[in-house]
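Here's the structure, in structure tokens; my notes come after.
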There are 2 protein chains.
Amino acid sequence: MPNQLAKLDGVYQALASPARRHVIAELGRGPTTMSALAEPFDMALPSFLQHLQILENRGMITSSKSGRTRTYSLVPHGLVSAEDWLSEQRSVWSSRLDRLDDLLHKLKESES
Amino acid sequence: MPNQLAKLDGVYQALASPARRHVIAELGRGPTTMSALAEPFDMALPSFLQHLQILENRGMITSSKSGRTRTYSLVPHGLVSAEDWLSEQRSVWSSRLDRLDDLLHKLKESES
DNA sequence: AAGTTGATTAGGCATTCACCTAAGTATAGA
DNA sequence: TCTATACTTAGGTGAATGCCTAATCAACTT
């Protein structure tokens, strides 16, 4: 039972690898074939396939096969949960920092 | 030699755990002691300490000890690189989706 | 039909991860 | 000074991760 929390785990875990981030970035520009995605990496194909499967199992990308080539595409909203969490965090501590900033300014003013 | 890329790896890896995300979220509200952070988790302290050390090694949090308690705080810009990468990705594919959307609209219009 | 190519399956191996228990150390309080 | 508290160190275990090679399958191509 993958709840929302476990899902976030998976998305961040998936992003913690250059190969997988490359796939996401590349597919952001449009669908691409498996071997084209793998090409820049000095890695055996089966190893690269694992990365693709991780992303696919997380629901971040999809694929379909036609002939003997498999084409991958981005699932548009696969990254949203991850980005949401991060920006929420930032909004919490940045407002806290703003208040701190205010405080420092006031201290400075009261000095002079 | 931790380059920018390896650093991103580390940040995402660090976020791929409920315990560690809890720490980030909690410290976003202000500095807190180690045992307070650990309290909600059913986990031995040494295990929890590992999570804190992972975050600290990544430069996402800092700590200092006074007396026998250690207090952790957020390092304000520790999450920025992760958020930047994500929002950049989104901007790429969302503009692509917008163009697709336009295309579909035009197709629909030309039908009628 | 035979060869080549793109992808897949199977299985193996080293490393890292996420936990644990047990045994410290150092400070605070009675 | 004794004891409780807050954390730390050391060491061990099972599962997951990230890579590999070898073999196979399923289209194309010739």
Side-chain angles (χ1 to χ4, degrees), chain A residues 1-3 5-24 26-27 30-73 82, chain B residues 1-3 5-24 26-27 30-73 82:
Chain A
M1 2 216 86
N3 51 33
L5 213 118
K7 191 184 161 192
L8 249 196
D9 282 16
V11 173
Y12 284 126
Q13 178 76 315
L15 293 176
S17 140
R20 294 190 297 253
R21 283 198 306 278
H22 169 85
V23 170
I24 295 290
E26 206 59 32
L27 294 183
T32 314
T33 181
M34 174 177 166
S35 42
L37 287 168
E39 192 273 324
F41 292 88
D42 184 20
M43 191 185 292
L45 254 198
S47 310
F48 195 81
L49 178 59
Q50 288 188 334
H51 289 297
L52 292 170
Q53 286 171 342
I54 285 171
L55 292 169
E56 193 161 18
N57 293 338
R58 303 304 195 238
M60 299 166 79
I61 66 178
T62 1
S63 70
S64 65
K65 194 165 183 176
S66 115
R68 63 192 153 164
T69 78
R70 181 173 289 276
T71 298
Y72 285 90
S73 343
Chain B
M1 6 204 89
N3 51 32
L5 213 119
K7 190 185 162 191
L8 249 195
D9 282 15
V11 173
Y12 284 126
Q13 178 77 310
L15 294 175
S17 143
R20 293 191 296 252
R21 282 198 306 279
H22 169 85
V23 169
I24 295 289
E26 206 58 32
L27 294 185
T32 314
T33 179
M34 174 176 164
S35 41
L37 288 168
E39 191 274 323
F41 292 89
D42 184 19
M43 192 186 292
L45 253 199
S47 311
F48 194 81
L49 178 58
Q50 288 188 335
H51 288 297
L52 292 171
Q53 285 171 343
I54 284 170
L55 292 169
E56 193 162 17
N57 293 337
R58 302 306 194 240
M60 299 166 80
I61 67 179
T62 0
S63 70
S64 65
K65 194 163 184 178
S66 113
R68 61 190 156 165
T69 78
R70 181 173 289 276
T71 298
Y72 285 90
S73 344

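Note: hydrogens, waters and symmetry copies are ignored here, and every other heavy atom, side chains too, is used.
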When you compare the side chain of [Y] with that of [X], does any pair of heavy atoms fall below 4.5 Å?
| X | Y | result |
| --- | --- | --- |
| Leu49(A) | Gln53(A) | yes |
| Gln13(B) | Ile54(B) | no |
| Val23(B) | Tyr72(B) | no |

Please state how far atom [atom1] in [X] lies from atom [atom2] in [N], giving the value in whole angstrom units.
| X | N | atom1 | atom2 | value |
| --- | --- | --- | --- | --- |
| Leu49(A) | dT17(D) | CG | P | 16 Å |
| Asn57(A) | dT17(D) | CG | P | 11 Å |
| Phe41(A) | dC20(D) | CZ | C1' | 17 Å |
| Asp9(A) | dA16(D) | CG | P | 14 Å |
| Leu55(A) | dT17(D) | CG | P | 13 Å |

Got a second to check how far [X]'s [atom1] is from [Y]'s [atom2], nearest 0.5 Å?
| X | Y | atom1 | atom2 | value |
| --- | --- | --- | --- | --- |
| Leu37(A) | Arg70(A) | CG | CZ | 12.5 Å |
| Lys65(B) | Thr33(B) | NZ | OG1 | 10.0 Å |
| Ile61(A) | Arg20(A) | CD1 | CZ | 10.5 Å |

Counting primed atoms, P, OP1 and OP2 as sugar-phosphate and everything else as base, the B/S/- map of nucleotides 13-23 of chain C against protein heavy atoms under 4.0 Å is ----SBBBBB-
Taking the six-membered ring where the residue is Trp, are the ring centres of Phe41(A) and His22(A) under 6.0 Å apart?
yes
In residues 63-70 of chain A, which ones come under 4.0 Å of DNA chain D, going by heavy atoms?
Gly67(A), Arg68(A)
Using side chain to side chain contact (heavy atoms under 4.5 Å, CB included), reason through Met43(B) and His51(B) one step at a time and then give a plain yes or no.
CA-CA 11 Å; Met43(B) 192 186 292; His51(B) 288 297; 3.9 Å; yes
